[in-house]
Amino acid sequence: MQPLLMLRPAQHEGARVTMRRILKRAFFDRPTLVVAEELIGKFLVRERDGVSRASMLTEVEAYDGPKDKASHAFWGRTPRNAVMFGPAGVLYVYFTYGMHHMLNVTTGPEAYPAAILIRGVEGISGPGRLTKALGITRDLDRLPAAKATGLWFEDSGVVVPPRAIRRTGRIGVSYAGPLWSKRRYRFVWKA
DNA sequence: TAAGTGATCTCT
DNA sequence: GAGATCACTTAA
């Protein structure tokens, strides 16, 4: 049986008292690709009006370092992307295509620009649809991923076998050239 | 396959 | 301020 079917968000609600393990900054303060792969199978928890919803992560993309041509940080620090240059475990939410909010979480050490784009959770695929479904806007930009923020990451207890995670090139970044767009920086839980 | 939408950034 | 661009979605 697939782990995906063994523990669903609804069941997590009942198990939280003994299982809650919010991912701390130290989890994100590691190499971006490592964090990205380990995020698969973790919970993304969104709390609004006292109601929390946990969604299991199924798809993420890494944007790693100043040399990553597909990264917002490649052209240097700007007001928008400054948070990528800061400490790990901070939310980076930006608006694009005139209609979509994109949710990212920063990784790696201070001054090293990197973040992970949250592309999908169980039942929702596509980064724009995800933020719309969970009510994520730029109000959350620059805030730490923590309970006080209303958005955080949590260990689920699910162990995703490495062979269940497919690595592919990143989506929509062909402008960065084949070297960077084809790098296997996208992690997808192949259920 | 292309329209839609608006913030962001790079020029003037 | 103008113009180009954009880590996307949807309808066709």
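Throughout, a chain's letter reflects where its sequence line sits, starting with A, and its residues are numbered from 1. All values derive from a computational prediction rather than experimental measurement.
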Using the ring centroid of each side chain, check whether A:Phe28 and A:Phe153 are separated by less than 6.0 Å. yes

Please work out if A:Met99 contacts a base, only the sugar-phosphate, or nothing of the nucleic acid, heavy-atom cut-off 4.0 Å. base

Testing C:dC8, B:dC9, C:dA7 for proximity to the side chain of A:Arg80, the answer is B:dC9

Can a donor-acceptor pair be found between the side chains of A:Glu110 and A:Tyr112 at a distance below 3.5 Å? no

May I ask you to say whether A:Arg53 pairs ionically with A:Glu47, meaning some side-chain N is under 4.0 Å from a carboxylate O? no

Over all strands shown, is A:Thr78 touching base, sugar-phosphate only, or nothing at heavy-atom distances under 4.0 angstrom? sugar-phosphate

Applying a 4.0 Å non-hydrogen cut-off, can you work out what A:Arg170 is touching in the nucleic acid: base, sugar-phosphate, or nothing? nothing

What is the distance, rounded to the nearest whole Å, between atom NE2 of A:His72 and atom P of B:dT10? 12 Å

Taking atom types as they are modelled, would you say the side chain of A:Tyr94 forms a donor-acceptor pair with the base of B:dA7 within the 3.5 Å cutoff? no

Can you tell me the distance, in whole Å, between the CZ atom of A:Arg77 and the P atom of B:dC9? 13 Å

Does B:dG4 have A:Tyr97 stacked on its base, where the ring centres are within less than 5.5 Å and the planes differ by under 30°? no

Please report the distance, rounded to the nearest Å, between CE in A:Met84 and C1' in B:dC9. 16 Å

Rounded distance (Å) that lies between atom C1' of C:dC6 and atom CZ of A:Phe74: 16 Å

Can you tell me if the side-chain N/O atoms of A:Arg138 get under 4.0 Å from OP1 or OP2 in B:dT8? yes

